[in-house]
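Report on one structure; see the data block that follows.
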Amino acid sequence: VSVTATRTGARPFWAGRRPSVPPWVGTVPFFGYVGIFLLLPTGIVIWDAFKNPAGHFTLSGLSALGNAQVRGYFIGSFKLSLISALVGAVFGAILAYAVASGNPDGVVRRVYLSASGVLAQFGGVTLAFAFLALIGPAPTGLLFHASWYYSFPWGITVIYAYFQIPLMVLVFLPAIDGLKVQWREASESLGSSAWQYWRYVGGPLLMPAFLGALLLLFANALSAFATIQAWEDQIPYTVGQQIYTSVSSEVGLSNINYADALALGMVVLVAIVMTGYALLQRRAARWLR
Amino acid sequence: VRSPYRFALAGFAASALLVAGCSSSGSSSGSSGAAVNWATETSVAAGGGMSALVAAAKAEGTLNVIALPPTWANYGAIISAFQSKYGIKINSALPDGSSQQEVNAIKSENGSPKAPDVVDVGLAVAVANTSLFAPYEVSTWSSIPAAQKDPSGLWYEDYGGYMAVGYSSKFGTITSLNQLLGPQFKNAVALNGNPTSANAALNGVMMVSLAEGGSAGNIAPGVNFFAKLKKAGNFSPIQATGASIKAGTTPVVFDWDYLNLSSYVGVSNWKVFIPQNAVLGGYYAQAINKNAPHPAAARLWEEFLYSQTAAGGQNLWLEGGARPVEQPTMTTNGTINTSAASKLPAVTGTPVFLTEGQSTTAAQYLATNWAKAVS
C-alpha cells in the first residue's frame, strides 16, 4: 500500500510515466537462456548430422539410422526407458499413496520426502558402484544370481528403479494430495465400492498427472547414460552408449557426425513419444473440458 | 580448515600462474637467445643442444599432458621425477581419457594455453592424426626400432606389453582359455572396455582369436569365443577397473600385462597368464602437438621419456611393468634396470603386432558383429 497515494489521494508520481516497454521484453531472459542452452545445441546437432567428417553435406549419417544394428540400439533405449518408467511409475504411485494417507505433518512423510529428494538424484557411476558392492562376486541372500543383474533390460531396470521410484514419489504426491476426502465420502455415501471409487472417480482424476509423470520418467531414463555405461561397459545396448563410442573410440570408429545423427534420432524419438503423450493426455483429460 | 579463502587463494594462485606462464612464454624467445623457435626444431642438436632446450623449457615453466593415469605404466612417478628434475610444472588433464579424447582436445583447444603439449596415444590414433603433430627426433632416435616409429618423427612408439589374462588365484592355475568356459567362472570374465571403443579391449578379443585359430587379419574366432562366454553366463559386462578387481567383481580380466600385474591392480593373489600360441603385443606412441603452447617443454619431456639413464623415462616405464621401446638396445648396452626387467611376465612364442590395416579390419568387423555376439 503506497503511503503517498493514501495521503494525497493522487496517483503516484511515476504512474503513467512508465517507459513504453512492449510486454514481450520480460520473456527475453527466458528465451535467451532456452535459445543458447537448448535450441542452439539442438540446431548444431541437427546441422552436423547432415555432414561428413570432412564437412560436406551427406545423408549417410541419416541412412545409418535405418540399418538393423542402429535400430537395435533405439529399440534397446526405448525398451529400457519404457519398462523402467512403468516400474517406477507404478511402484512410485503406490508409495506416494501410502505416504499421502499418513499424517501430513508426520515424521514418516518428511523422511520419505527427503529420502526421495536425495535418491531421485542418485545415479551414474556412484549408483553402479553401489550395486557392484552390494552384488559382489557371489551374492548371498539376493533373489537372483549376480549375472541376472547384468541382464538387459530387466537387470538394469532394477538399478534404474533406484532413482525412478523416488522421482515418481516426488512428482506424483501433490496430485494425490489434491484428492479431496469429501469426494471419497460422497461416492461411498452413494454406495460405491473401493473399486468403483478408483475406477470412476480417483483413477480418472489422477490419470493426467500419472501420464505426465510417466513421460518425465521415460525421458529421465532415456537420457540416463553414466549408470548403464558403467554397468554394461562392454556391451552396447542403448543409443547413448553408441554415441559415446562414436565420440571416443580409439580404434578408428569415432565419427562425430554419426554421433550427431544418433542424437538427432533421439530427438525424433522424444518428439514421437511427446506426440503420443499429448494425444493420450487429451483423451485422459476429456472430462476436464 | 575448510575456509572459503583457500579457494579464493587457489584461484588467485592459478590466475597468477597463468599470467606468469603467458608472460614467460612471450619472453622465452628473447631469453633463450638468437632465433631458436623450438616449435619447429626437429631435434635437440638442431636447436642448439640440451642446455639450450632445458633453459627454454624452464622459461616456459609449464607442460600440459593429457590422459595419463598416475597408476598406469608408472606415470605418477614419471611426472613427479620430471617436475623435480627440471622445476617445470605439469598440468595433467583428464587422466582417464581415451586416445581419441586426447586428439579431440588438441583440436578443440587449439590456440589455448591449456591445449595438450604432448600426447600418448594408441597406434591407430597416432597414424590417423599425423597432421596434428610436429616432427621431432629424440637424441636416442637410433635406439627405437625402425618399425616402431614414423620415419619423419611425427610419432614414435614409447612402451608396450603383451595381452594377458589376469586372474584371481582362487581359480588355481589357468593354462588354457577354454577353461574360462567352465561353470566356476560364472560372471567372472571381463575385458578392459568395449572393443569397438577401447584399444585394449580390441586387442583382448584379438588375442583370443589368435588362440582360437584366427589370425591378425581375422578376429572372428575371438568374437565367437566371447559369444560362447556370454551364453555360458561367464562374461561380465561391467567396467573392469582396479576397484572392481579389488571388490572381486571381475576376477578374470583381459588386459595388457603391465596393467594386469599384481602390483598394479593392488591384489596380492593375482596371477597372469599369456597363452603360448597367442602372444599379441601392442605399443603406445608419443607425439608432440604441432601448435603446443609450450614447445620447448614438450620436446624436453620427450627427451626425458626416451632417456636411457637409470632415472630416465625408459627405466621408469620398465619399473611400472611396461616394456620400453628401447629395451632391446638398452639390454645390449647395459643401461637397462635388470631387476625390473626380470619381474616382467615371461613370454614364449613369436609375438604378433597388428598393422594399421589389420587393426582397422578388426575394428570394422567388431563394429558390425560385437553387439550382435554379446547382447
Side-chain angles (χ1 to χ4, degrees), chain A residues 53 64 67-73 75-76 79 125-126 128-139 144-153 155-156 159 226-238 241-256 258-259, chain B residues 97-104 121-125 127-128 168 170 186-188 190-204 226 230 232-241 243-244 247-251 356 359-360 362-364 366-375:
Chain A
N67 93 35
Q69 189 174 8
V70 175
R71 255 200 328 268
Y73 299 134
I75 292 169
K79 250 205 262 182
V125 181
T126 335
F129 199 83
F131 265 87
L132 186 149
L134 171 72
I135 293 167
F144 304 98
H145 185 272
S147 58
W148 183 86
Y149 292 90
Y150 297 103
S151 69
F152 186 90
I156 186 87
I159 297 174
T227 313
I228 188 163
Q229 180 61 27
W231 197 249
E232 308 278 8
D233 180 45
Q234 300 160 50
I235 308 178
Y237 289 110
T238 60
Q241 288 173 287
Q242 199 51 27
I243 291 177
Y244 175 78
T245 296
S246 3
V247 170
S248 70
S249 169
E250 55 184 18
V251 298
L253 299 175
S254 90
N255 181 341
I256 301 283
Y258 171 55
Chain B
S98 74
S99 294
Q100 185 60 37
Q101 286 170 315
E102 295 183 53
V103 298
N104 290 352
V121 291
L123 193 58
V125 173
V127 171
S168 163
K170 73 174 181 191
K186 198 127 178 82
N187 203 43
L191 286 165
N192 180 9
N194 172 344
T196 62
S197 180
N199 191 38
L202 179 143
N203 280 279
F226 278 95
K230 168 80 182 175
N234 291 4
F235 184 55
S236 167
I238 199 163
Q239 191 168 15
T241 61
S244 70
T249 315
T250 52
E356 172 61 11
S359 170
T360 309
Q364 295 298 345
L366 290 168
T368 44
N369 294 286
W370 176 253
K372 243 187 292 182
V374 294
S375 59

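Chain letters run A, B, ... following the sequence lines, proteins first, then strands; residues in each count from 1. Excluded from the calculations below are hydrogen atoms, water molecules and symmetry mates; all remaining heavy atoms, backbone and side chain alike, are included.
Looking at A:Gln234, its side chain does come within 3.5 Å of a backbone N or O of B:Ser236 through a donor-acceptor pair. No side-chain donor-acceptor contact under 3.5 Å links B:Gln100 to the backbone of B:Val125. Side-chain atoms of B:Thr250 do not come within 3.5 Å of backbone N or O of B:Ala240 as any donor-acceptor pair.
If you measure heavy-atom distances from B:Lys230 to chain A, the contacts under 4.5 Å come from the side chain alone. With a threshold of 4.5 angstrom between heavy atoms, B:Asn104 approaches chain A through side-chain atoms but not through N, CA, C or O. Residue contact with chain A, scored on non-hydrogen atoms closer than 4.5 Å, involves the side chain of B:Leu202 exclusively. With a threshold of 4.5 angstrom between heavy atoms, B:Ala128 does not approach chain A through any atom at all. Of the atoms belonging to A:Ser254, it is side-chain heavy atoms, and not backbone ones, that fall under 4.5 Å from chain B. In this structure, chain B has heavy atoms under 4.5 Å from both the backbone and the side chain of A:Glu232. Using a 4.5 Å cut-off between heavy atoms, B:Ala201 makes no contact with chain A at all. Contact of B:Ser98 with chain A is made through backbone and side chain together, with heavy-atom distances under 4.5 Å. With a 4.5 Å cut-off on non-hydrogen atoms, B:Ala373 does not touch chain A at all.
The two residues B:Ser244 and B:Thr241 make their nearest non-hydrogen contact at OG-N, 2.9 Å. The minimum heavy-atom distance between A:Phe152 and A:Gly76, with the atom names listed, is CZ-O, 3.4 Å. The heavy-atom pair separating B:Ala124 from B:Glu356 by the smallest distance is CA-OE1, 3.4 Å.
Heavy-atom pairs under 4.5 Å with chain A peak, among B:Val103, B:Thr196, B:Thr368, B:Asn234, at B:Thr196. Top candidate by heavy-atom pairs under 4.5 Å with chain A, chosen from B:Gly233, B:Ala198, B:Ser359, is B:Ala198.
The six-membered or imidazole ring of B:Trp370 lies near that of B:Phe226, with a centre-to-centre distance under 6.0 Å.
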Let's go through B:Val121 and A:Glu250 carefully: what are the C-alpha distance in whole Å and the side-chain angles of both, what is the deciding distance for side chain to side chain contact (heavy atoms under 4.5 Å, CB included) to 0.1 Å, and is it a yes or a no?
CA-CA 9 Å; B:Val121 291; A:Glu250 55 184 18; over 6 Å; no
